[in-house]
Colleague: 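My structure is below; once you've seen it, I'll send some questions.
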Amino acid sequence: MTSLHAKNALLPTGWASNVLLQWNAKGELTTVTPDTPPGNTPKTAGPVTPGLPNLHSHAFQRAMGGLTEFRGATQDSFWSWRTLMYQFAARLSPEQVEAIATWLYIEMLEAGYTSVCEFHYLHHSTDGTPYADDAELSKALLRAAHTAGIGMTLLPVLYQTSGFDSTPPTAGQRRFIRSTDSMLCLLDTLKPLCDAQGARLGLAPHSLRAVPPDSLREAVAGLHAIDASAPVHIHIAEQTAEVDACLAWSGQRPVAWLLDHAPVDARWCLIHATHMVDTEYQRAAASGAVAGICPSTEANLGDGLFDMPRWRGAGGAWGIGSDSHACVNAAEELMLLEYGQRLQFRQRNVLASTDHSQVATATLLQAVAGGAQASGRAAKGLAVGQRADFCVLDAQHLALAGLAAPDMLSAHVFASHRTSALDAVWVGGQQRTRQGRHPLHDAAAAAFIQARTQLTQG
Ligand code: NGQ
Ligand code: ZN
């Protein structure tokens with residue numbers, strides 16, 4: 001099928017009716033025309049919304065769901081969680097990584113994400129020596145994305161130190177460590193593979209804790225020699241301990257340091273950026289970089305709350321990541337984002353915009369635009385030239401039936417929890433889910449359960 005007719009569709013400018021959608025063999029939209037009679041074109045089962053790019057994922061962490069929700073140390077924190085996460089990461093085989101990622105990407109499709117940025121740092125074998133094929137685990141993730149049929153931006157992670165001031169890496173980090181040269185070789189290997197599968201290749205210097213200044217400069221320059229517009233993602237200012245350590249090291253806060261020492265621009269995505277002061281909000285937003293907000297993980301890890309009105313007020317772009325996958329649901333992330341702002345400012349409908357009074361509409365459109373920018377993919381929504389990546393809401397779902405289209409999206413975000421109101425999800429003009437389910441759902445779930453059982457009982 002290469003065309004659909006939607007009674008209601010959410011275009012980048014807002015809701016439109018009687019929209020004819022057509023796409024070409026490459027999966028790019030060629031027609032997005034409102035006010036067109038349906039004729040013989042197949043009709044969608046409900047309103048059409050753009051698919052959400054997921055801008056931050058560590059796929060293997062999906063298999064840790066529920067395994068870190070108990071008190072260990074006297075006071076648990078992000079850092080004690082990280083110790084458990086390292087113990088889990090130390091045991092994973094390539095087969096397990098692929099099984100977990102394949103299932104995760106299927107879950108993402110069923111939950112309204114049409115592409116994913118995989119922030120991939122598990123490079124080496126369990127004892128830290130490189131695999132015979134140095135790209136083994138990168139290839140496993142590319143295969144997982146291909147099997148599921150989700151759009152992919154692969155971000156191999158540069159990881160060299162365990163703290164500011166070039167502190168050597170710990171044993172728990174041995175699977176992540178690479179020289180800058182070895183990273184540039186890996187990028188060279190991966191570029192044609194990504195191109196062949198329609199994936200985008202970028203780079204993720206893990207954090208200022210993990211990448212010394214010279215390596216940061218050389219790796220980013222090396223990436224941009226391969227592909228001048230490739231995305232660069234970095235974790236930054238997620239925890240106050242990181243801010244304190246950066247101040248002790250450099251006299252500057254992490255975001256301020258980064259803006260002064262790296263060529264931060266619209267190719268960059270600042271993951272979390274939770275702890276910024278006003279000048280950092282202003283300068284980071286003005287750089288054109290996307291803020292990568294991960295509401296469920298930031299809540300799960302006790303990070304803190306991003307100040308969305310301040311960021312938006314400065315004109316900042318932003319998008320959503322599911323990060324550790326404590327939650328894999330695009331709509332729920334938008335709800336959690338808004339709720340964090342409501343709790344913080346004791347107001348309602350904080351993220352409505354001047355153009356869109358409906359929070360769900362305003363946030364989805366902004367998150368799609370920012371997510372597409374951070375992904376380096378033509379995934380900016382329902383517009384000619386963009387990928388045909390979209391979701392069809394189920395107008396018969398109990399939470400939605402009888403409502404007007406914009407209210408259906410609001411109900412999908414705010415009132416359909418733990419049930420899915422998605423009828424179908426399409427990626428590049430190919431239908432990936434039907435009545436909310438992916439055709440590989442059962443087989444991929446079984447392989448995931450097998451991998452998790454091995455990991456937790458082995
Ligand atoms: C990660 N996750 O790389 O998986 C990190 C934890 C770190 C989040 N920051 C490790 N959410 O930051 O050192
Ligand atoms: Zn992360």
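Just so you know, ligand 1 is whichever comes first in the structure, and atom 1 is the first atom listed for that ligand.
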Colleague: Of all the heavy atoms in Met85, does at least one lie under 4.0 Å from an atom in ligand 1?
Modeller: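 So Met85 counts as touching ligand 1.
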Colleague: Can you name the atoms of ligand 1, numbered from 1 with element, that are less than 4.0 Å from a heavy atom of Leu301?
Modeller: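 Here the atoms of ligand 1 in question are 11 (N).
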Colleague: Among protein heavy atoms, which sits nearest to atom 12 (O) of ligand 1, and what does the distance come to when rounded to 0.1 Å?
Modeller: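 That would be Arg209 NH2, 2.9 Å.
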Colleague: Can you tell me which residue and heavy atom of the protein come closest to atom 4 (O) of ligand 1, and the distance to 0.1 Å?
Modeller: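 Looking at atom 4 (O) of ligand 1, the protein heavy atom closest to it is Tyr121 OH, 2.7 Å.
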Colleague: What protein heavy atom is closest to atom 5 (C) of ligand 1, reported as residue, atom name and distance in Å?
Modeller: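 Answer, as residue, atom name and distance: His235 CE1, 3.9 Å.
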Colleague: Between the Zn ion (ligand 2) and His235, which N, O or S atom of the residue is the nearest one?
Modeller: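 Atom name returned: NE2.
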Colleague: Check step by step if salt bridge (charged side-chain N to carboxylate O under 4.0 Å, His left out) holds for Arg174 and Asp127.
Modeller: CA-CA 7 Å; Arg174 64 181 173 240; Asp127 66 6; over 6 Å; no
Colleague: Does the N or O separation between Asp323 and ligand 1 drop below 3.5 Å for any pair?
Modeller: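 Yes - when backbone and side-chain N and O of Asp323 are compared with those of ligand 1, one distance drops under 3.5 Å.
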Colleague: Find the distance between OG1 (Thr147) and CD1 (Ile150) and round it off to the nearest 0.5 Å.
Modeller: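 Rounded to the nearest 0.5 Å, the OG1-CD1 separation comes to 12.0 Å.
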Colleague: N/O/S of Cys294 less than 2.8 Å from the Zn ion (ligand 2)?
Modeller: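 False for Cys294.
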Colleague: Determine whether the aromatic ring centres of His123 and Phe176 lie less than 6.0 Å apart.
Modeller: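 No.
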Colleague: Does Tyr281 have Arg253 sitting over its ring (NZ/CZ under 6.0 Å from centre, angle to axis within 45°)?
Modeller: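 No, Arg253 and Tyr281 do not form such a contact.
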Colleague: Measure from the side-chain N and O atoms of Glu333 to the backbone N and O of Ser296, and report whether any donor-acceptor pair falls under 3.5 Å.
Modeller: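 Pair found, side chain donor or acceptor close to backbone of Ser296.
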Colleague: Does either side chain, that of His120 or that of His58, offer a donor lying less than 3.5 Å from an acceptor on the other one?
Modeller: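 Not at all, the side chains of His120 and His58 share no donor-acceptor pair under 3.5 Å.
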Colleague: Considering distance alone, does some N or O of Gln61 sit under 3.5 Å from an N or O of ligand 1?
Modeller: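 N/O-N/O distance below 3.5 Å exists for this pair.
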Colleague: What do you reckon, are the aromatic ring centroids of His272 and Phe306 less than 6.0 Å apart?
Modeller: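 No: the rings miss the under 6.0 Å criterion.
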Colleague: Of all the non-hydrogen atoms in the protein, which one sits nearest to atom 9 (N) of ligand 1, and at what distance?
Modeller: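 Nearest neighbour among protein heavy atoms for atom 9 (N) of ligand 1, to 0.1 Å: Glu238 OE1, 2.5 Å.
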Colleague: Got a sec: does the NE2 of His146 have more than 12 other heavy atoms crowding it under 6.0 Å?
Modeller: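 No, not enclosed.
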Colleague: May I ask you to check whether His56 brings an N, O or S atom to under 2.8 Å from the Zn ion (ligand 2)?
Modeller: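 It does; at least one qualifying atom falls short of 2.8 Å.
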Colleague: Are any of the heavy atoms in Trp79 under 4.0 Å away from ligand 1?
Modeller: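 No; Trp79 lies far enough from ligand 1 that no heavy-atom distance drops under 4.0 Å.
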Colleague: Determine whether the aromatic ring centres of His233 and His206 lie less than 6.0 Å apart.
Modeller: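 No, too far apart.
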Colleague: Atom CG in Leu259, atom CH2 in Trp268: separation rounded to 0.5 Å?
Modeller: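 The CG atom of Leu259 sits 9.5 Å away from the CH2 atom of Trp268.
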Colleague: Counting only heavy atoms, which portion of Phe60 has something under 4.0 Å from ligand 1: side chain, backbone, both, or neither?
Modeller: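 Near ligand 1, Phe60 shows nothing, with every heavy atom at 4.0 Å or more.
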Colleague: Check contact between Glu242 and ligand 1, using heavy atoms of the residue and a distance below 4.0 angstrom.
Modeller: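 The answer is no: ligand 1 sits nowhere under 4.0 Å from a heavy atom of Glu242.
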Colleague: Does an N or O from Arg82, backbone or side chain, lie closer than 3.5 Å to an N or O of ligand 1?
Modeller: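 Yes, there is a polar N/O contact under 3.5 Å.
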Colleague: Can you find an N or O of His206 that's nearer than 3.5 Å to an N or O of ligand 1?
Modeller: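 Checking ligand 1 against His206, an N or O pair does fall under 3.5 Å apart.
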Colleague: Would you say Thr153's side chain and Ser375's backbone share a donor-acceptor pair under 3.5 angstrom?
Modeller: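 Looks like yes, one N/O pair under 3.5 Å.
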Colleague: Enumerate the atoms of ligand 1 whose separation from the nearest heavy atom of Trp81 is less than 4.0 angstrom.
Modeller: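 Within the 4.0 Å cut-off of Trp81, ligand 1 contributes 6 (C).
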Colleague: By number and element, which atoms of ligand 1 are closer than 4.0 Å to a non-hydrogen atom of His272?
Modeller: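 Matching atoms, with element in brackets: 9 (N), 11 (N).
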